[in-house]
Chemist: 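For reference, the structure I am asking about is given below.
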Amino acid sequence: MELYGYWRSSASYRARIALNYKQIDYHYIPVHLIKEGGQQHKQAYRQLNPNGLVPTLVDGKVILHQSLAIMEYLEDTHPQPSLLPGNAQQRGAIRALALDIASELQPLINLRVQQYLSQQLEVSDNAKQAWLQHWFKQSFQAFERNLEEVAGVYCVGDQFSMADVCLVPQVYSAQRFGIALNDYPIMMGIYQRLLELPFVAAAHPSKQPDAEV
């Protein structure tokens, strides 16, 4: 398998954790999102991923974009260990929490949104930071309340899942942007436990070959 990604991309981070968790060997191909005007916009990469986003997974003739679709594919092709453990209710909760992050929060604060705010709308740095603070706070408050109902050692019960895969990069991102996290004790307790898992630690942005000091 080949994974096209960027060291600091939340979605790429998710894919790395999932691949590591399932112990799948893959070749990592960096796509720098800023250099050369963004390598994701180059024609060669757009042929793989017309959206011009990362990550992209290539498995033989299979080419997939979107981190959650990649995780579902890995779940189908490499069922164990499972990213969707438990019964139907638990799997539903796992998917819901994963989507809360990957579909509701992350698209509002990702690089291309921030670039549009700064470059096209000429939003000030202070206003852009207020934007980030607002969406992180709104999303994390709801996430914390949902965890009150379903969390155990991890996001849903005591088994690692897709929800945990999505949580780790988003907290990392929040820390990068200076978001206050003291109001989310359940979430942060889970996050700290997740960081201790070897397959999560190995996926950290700082451990990637394209990481910048």
Side-chain angles (χ1 to χ4, degrees), residues 3-21 28 30-35 38 40 51-56 65-68 70-71 96-118 123 125-144 146-147 154-155 160-197 199-208 210-213:
L3 180 69
Y4 291 78
Y6 179 58
W7 67 289
R8 213 162 56 184
S9 154
S10 296
S12 298
Y13 196 172
R14 293 177 206 137
R16 294 194 302 266
I17 294 173
L19 286 161
N20 291 350
Y21 176 60
Y28 180 68
V31 180
H32 202 290
L33 301 187
I34 299 174
K35 288 181 180 177
Q40 73 275 22
N51 291 340
L53 299 170
V54 291
T56 300
H65 63 285
Q66 291 294 349
S67 62
L68 266 63
I70 289 170
M71 284 192 273
L97 289 173
L99 288 166
D100 284 341
I101 289 176
S103 296
E104 298 294 339
L105 171 58
Q106 201 269 337
L108 290 166
I109 54 89
N110 70 9
L111 178 63
R112 66 177 179 171
V113 168
Q114 293 192 52
Q115 288 177 332
Y116 186 78
L117 289 171
S118 298
V123 169
D125 288 344
N126 286 341
K128 188 171 72 172
Q129 183 64 20
W131 168 279
L132 295 173
Q133 293 275 0
H134 171 77
W135 292 115
F136 270 113
K137 182 177 180 179
Q138 184 174 91
S139 296
F140 281 170
Q141 282 180 337
F143 200 84
E144 182 78 4
N146 285 321
L147 289 177
Y154 301 121
C155 284
F160 182 85
S161 73
M162 187 185 294
D164 302 296
V165 174
C166 291
L167 175 62
V168 172
Q170 218 56 54
V171 174
Y172 167 81
S173 177
Q175 291 172 331
R176 276 185 57 219
F177 295 125
I179 305 300
L181 299 170
N182 292 336
D183 291 338
Y184 319 113
I186 302 173
M187 184 182 79
M188 292 307 295
I190 293 168
Y191 176 69
Q192 293 301 326
R193 287 190 288 276
L194 291 169
L195 291 183
E196 296 175 1
L197 299 173
F199 58 87
V200 172
H204 194 275
S206 65
K207 303 277 183 69
Q208 306 318 303
D210 55 333
E212 298 171 4
V213 178

Chemist: Can you give me the closest heavy-atom contact between G52 and Q40, atom names plus distance?
Modeler: O-CG, 3.0 Å
Chemist: Rounded to the nearest 0.5 Å, how far does NE2 of H204 lie from OH of Y13?
Modeler: 4.5 Å
Chemist: Once side chain to side chain donor-acceptor pair (under 3.5 Å) is applied, do any residues pair with N51, and if so which ones, sequence neighbours excluded?
Modeler: H65
Chemist: So which atom in C155 and which in L147 form the shortest heavy-atom distance, rounded to 0.1 Å?
Modeler: O-CD2, 3.6 Å
Chemist: Looking only at non-hydrogen atoms, find the nearest pair between G5 and S12 and report the distance.
Modeler: CA-OG, 3.4 Å
Chemist: Would you indicate whether the side-chain heavy atoms of I17 and D164 approach each other to under 4.5 Å?
Modeler: no
Chemist: If you round to the nearest 0.5 Å, how far is CD1 of I101 from CZ of F140?
Modeler: 6.5 Å
Chemist: Enter the distance from Y172:OH to S206:OG here, rounded to the nearest 0.5 Å.
Modeler: 7.0 Å
Chemist: Between atom CG of L105 and atom NZ of K137, what is the distance when rounded to the nearest 0.5 Å?
Modeler: 14.5 Å
Chemist: Would you say the side-chain atoms of Q114 pair up with the backbone N or O of I109, donor to acceptor, closer than 3.5 Å?
Modeler: yes
Chemist: Can you check whether Q170's main-chain N or O pairs, donor with acceptor, with S10's side chain at less than 3.5 Å?
Modeler: no
Chemist: Find out whether F199 and L19 are in side-chain contact, i.e. whether some heavy atom of one side chain is under 4.5 Å from a heavy atom of the other.
Modeler: no
Chemist: Going from CG on L3 to CD on Q208, what distance comes out if it is rounded to the nearest 0.5 angstrom?
Modeler: 9.0 Å
Chemist: Give the table of side-chain donor-acceptor pairs shorter than 3.5 Å for residues 185-195, with sequence neighbours excluded, one pair per line with atom names and distance.
Modeler:
residue	atom	partner	partner atom	Å
Y191	OH	Q175	OE1	3.3
R193	NE	V153	O	2.9
R193	NH2	V153	O	3.1

Chemist: Is it true that, when you exclude R112 itself, more than 12 heavy atoms of the residues, nucleotides or ligands shown sit nearer than 6.0 Å to its CZ?
Modeler: no
Chemist: Just so I know, are the side chains of L197 and Y21 near enough to count as touching, which here means a heavy-atom distance under 4.5 Å?
Modeler: no
Chemist: Using modelled atom types and a 3.5 Å cut-off, is there a donor and acceptor pairing between side-chain atoms of Y28 and backbone atoms of R16?
Modeler: no
Chemist: Examine distances only and state if a side-chain atom of Q133 and a backbone atom of I179 form a donor-acceptor pair shorter than 3.5 Å.
Modeler: no
Chemist: If we only count heavy atoms from C-beta on, is the S67 to M162 side-chain gap below 4.5 Å?
Modeler: no
Chemist: Is a donor on one side and an acceptor on the other found under 3.5 Å between the side chain of W131 and the backbone of L108?
Modeler: yes
Chemist: Above 12 or not: heavy atoms from other molecules or residues under 6.0 Å from CZ of F177?
Modeler: yes
Chemist: Between F143 and L167, does the side chain to side chain contact (heavy atoms under 4.5 Å, CB included) criterion hold? Intermediate values first, please.
Modeler: CA-CA 10 Å; F143 200 84; L167 175 62; 3.9 Å; yes
Chemist: Between E104 and Q138, is there a side-chain heavy-atom distance shorter than 4.5 Å?
Modeler: no
Chemist: So do the side chains of Y184 and Q141 get within less than 4.5 Å of each other, counting heavy atoms only?
Modeler: yes
Chemist: Could you state the interatomic distance from CG (D183) to CD (E144), rounded to the nearest 0.5 Å?
Modeler: 8.5 Å
Chemist: Do the non-hydrogen side-chain atoms of M71 and C166 ever get within less than 4.5 Å of each other?
Modeler: yes
Chemist: Please report the closest heavy-atom contact between R8 and P205, naming both atoms and the distance.
Modeler: CA-CB, 4.4 Å
